[in-house]
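Input: a single structure, listed below in structure tokens.
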Amino acid sequence: MTNLLLSNQSLKALLTSCKTIHQALQIHAQTVVNGIHHDPFLLTPLISFFAFSNSPTALHHSSLLFSQINTPDLFLYNAMIKAHSHSHAPHHALSLYKSMLASETYPDSFTFPYLLKSCARLMSLKIGVQVHCHVTKNGFESDIFVLNSLMNLYCVLGDMQNACKVFDESPVRDLVSFNTLINGFVQAGFARCSLQFFGEMRGICVQPDGYTFVALLSACSSLEDCETGKKVHCLAYKKLGYFGSNGLLMNALVDMYAKCGYLEMAERVLMSGVIGGKSVVAAWTSVLSAYARRGEVEVARRIFDQMGDRDVVSWTAMINGYSCAGQFEEALELFVQLEDLGMEPDEVAVVAAQSACAQLGALESGRRIHHKYAGENWPRGQNRELISSVVDMYAKCGSIDSALDIFCNISDYLKTTFLYNSIISGLAHHGLGESAITLFKEMEILGLRPDEVTFVALLCACGHSGLVDDGKKLFESMLTVYGISPQMEHYGCMVDLLGRAGCLDEAYTFILTMPFKANAVIWRALLSACKIYGDVELAKIASKEILAMERDHGGRYVMLSNMLAHIDQHDEAASVRKAIDNVGILKPPGWSYIEMNGALQKFLAGDKSHPEAKAIELMLWDISMGLKSIGHVSASKMVFDLD
DNA sequence: CTAGGGTTAG
């Protein structure tokens, strides 16, 4: 553009034919140059253009423009609320609504669907119920768009009772209402209900569409019910005719066959379609992750390599595929490659990366990824799954201070049972039993329901901190207060707790009075306690049980021989070692990892191949001398060298 | 005056 001055009228005309954000920015620049950037007749179309363009930077731009307007009208408010409702920060939509009411501008039937969408994105029941009240107060409770949005909100929150209530009490219903509920049931984990509800829908002759079939196939996927899936496949064909070009429906179909384990069928359906672009990527991603879940990670990788286009979802599927196979280094490496290609990982990808870091103990990578993608100022910092993966990563990498630091700064409404499970188990492993119990109480105050995992973490915390009475009380309360029946792991924790505290007889009685037969893990917990307290008789009982249960597990022989060595029964120790030789068992070598300057250092017992092996040995020697000088007695004399 | 609700895969 030259220095030609453009009038308000011509700029407005230009805007109507404007196609890209770049063009709109140029027009905006012109309004500034011309000093007419406060003209509401220009600002309104500019703001709505940016607001509707689905890009974070454009949204930011429209927010700036919006803030310059003294009295925005309802249309502008609706445009901004809509734009924020599908942004990374949907809570802005609610602030906008508040300031809208404050400036005495009142909502219409277009306002509520976006507000409700924002509540759904925020997963906030509290705010959602408030907005529901406003819907009623303003008399929009029979607007079909508002009602369907309301139903969707309750579905997303997993509150199917209220979703059904809205449906039942609604004077108007359409196919979208039915589809919302059918899909809601699936997403909330009630796939059977979704199929049943579809039956009711057919009973009153409501004709399904593509959306309906996608939801039904998703139900069959989650149930891994291929028989019903095939019926849905046929019905879709009967109702819709050829749908090979419907990308979403084809994906749902491919995914259904893949999840049910019919991988050849999935691939055949995929090939039979004429889908392209994003849909092909999605369909191959479904197949890829099915192979990964099946444990065929190499096949998954081959598909990944052969895919022409790949998006973040495909990369994440492959990253999780590696993690699933225990190949965490490959998983992390792939994430870094994704970054190097300049792709923007989303929250699910970052969660996958953090979990690989957690498994590797890769603190430096974990911290880098945290700061880059999930820092406080980052909009994704609002994602609950992401938050708990970060906390979990720090806790598992031994940086409990960082984990606590982040945890303490999380708003209550973002806290979940998962998050508490992560931090409580982190505290448990760091021997901070009291803090674990404190956080458990805090969790109750917030109204979060503890689950089985919470209690494993808590009992483990008590065990590691010698809190015998607290542990017993918590164990008792599981069934009586929380309605969770203790499983084998919980009994194991209790045996460990009692054993560590030296209550060996009590631990043994506990095992004998358990409602099910103790497994080897539990006997091993007892055996390990016997080792600490030198109870040979009980150790023999425990060993006998373990030997009877696990003929091919190397670990117990080592444990038993260690124990016998410790209590000076070298003859028996020798016989155990002989048993190992006879069966030909080798304990899988124990690895340990540490990440230094971004590189992973692996160590194996007795391994001297590290380039810095000499310096490391000197340092270790130095540390152990330091420990001895403050009175620490090494337990390493108990360990037999099996090599 | 303008605009709107429900879909897959990690």
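Since we're looking at a predicted model, the values are computed, not measured. Every chain is numbered from 1 and lettered A, B, ... according to where its sequence line falls, protein lines coming before strand lines.
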Using a heavy-atom cut-off of 4.0 Å across all strands, would you classify A/A317 as base, sugar-phosphate, or nothing? sugar-phosphate
Integer-rounded Å distance: B/dG4 P and A/L150 CG: 20 Å
Quick one: is the NZ or CZ of A/K82 closer than 6.0 Å to the six-membered ring centre of A/F110, and within 45° of its axis? no
Just checking A/S109: base, sugar-phosphate only, or nothing, at a heavy-atom cut-off of under 4.0 Å? base
Please report the interatomic distance CG(A/L116) to CZ(A/F145), rounded to the nearest 0.5 Å. 13.5 Å
Can you check the A/F335 CZ to B/dG10 C1' distance for me, whole Å? 13 Å
Going from CD on A/Q187 to OG1 on A/T180, what distance comes out if it is rounded to the nearest 0.5 angstrom? 11.5 Å
For A/N246, which contact category applies under a 4.0 Å heavy-atom criterion: base, sugar-phosphate, or nothing? nothing
Taken to the nearest whole Å, CZ/A/F213 to P/B/dA9 is 18 Å
Please determine if A/E339 and A/R368 form a salt bridge, counting it only when a charged side-chain N lies under 4.0 Å from a carboxylate O. yes
Using the ring of each side chain (for Trp, its six-membered ring), is A/F304 parallel, tilted or perpendicular to A/W315, with breaks at 30° and 60°? perpendicular
In this structure, how many angstroms lie between the P atom of B/dG10 and the CG atom of A/L386, rounded? 18 Å
Flag the pair A/E330 / A/I319 as yes when at least one side-chain heavy-atom distance between them is below 4.5 Å, and no otherwise. no
Give one of base, sugar-phosphate or nothing for A/R310, where a contact means two heavy atoms less than 4.0 Å apart. nothing
Would you tabulate the nitrogen or oxygen pairs shorter than 3.5 Å linking the protein to nucleotides 1-3 of chain B?
residue : atom : partner : partner atom : Å
B/dA3   : N1   : A/N78   : ND2          : 3.3

Are A/M80 and A/S62 close enough that some pair of their side-chain heavy atoms sits under 4.5 Å apart? yes
Residues touching DNA chain B, which here means a heavy atom under 4.0 Å, drawn from residues 180-196 of chain A: A/T180, A/N183, A/Q187
For A/L147 and B/dG4, give me the distance from atom CG to atom P, rounded to whole Å. 19 Å
What distance separates A/K239 NZ from A/D209 CG, expressed to the nearest 0.5 Å? 12.0 Å
Spacing of A/Y97 atom OH and A/S118 atom OG [to the nearest 0.5 Å]: 12.0 Å
Please round to the nearest 0.5 Å and tell me the distance separating atom NE2 of A/H92 and atom OG of A/S85. 13.0 Å
Does A/I144 reach a base, just sugar-phosphate, or nothing at all? Heavy atoms under 4.0 Å. base
Determine whether a donor-acceptor pair (N or O, by modelled atom type, separation under 3.5 Å) exists between the side chain of A/R173 and the backbone of A/D168. yes
Between CG of A/N78 and CG of A/D73, what distance do you get to the nearest 0.5 Å? 9.0 Å
Interatomic distance where CG belongs to A/L115 and P belongs to B/dG4 [whole Å]: 16 Å
Could you list by number each residue of residues 252-278 of chain A showing a heavy-atom separation from DNA chain B of less than 4.0 Å, or answer none if no residue does? A/D255, A/K259
d(CG, A/D209; P, B/dT7) in whole Å: 12 Å
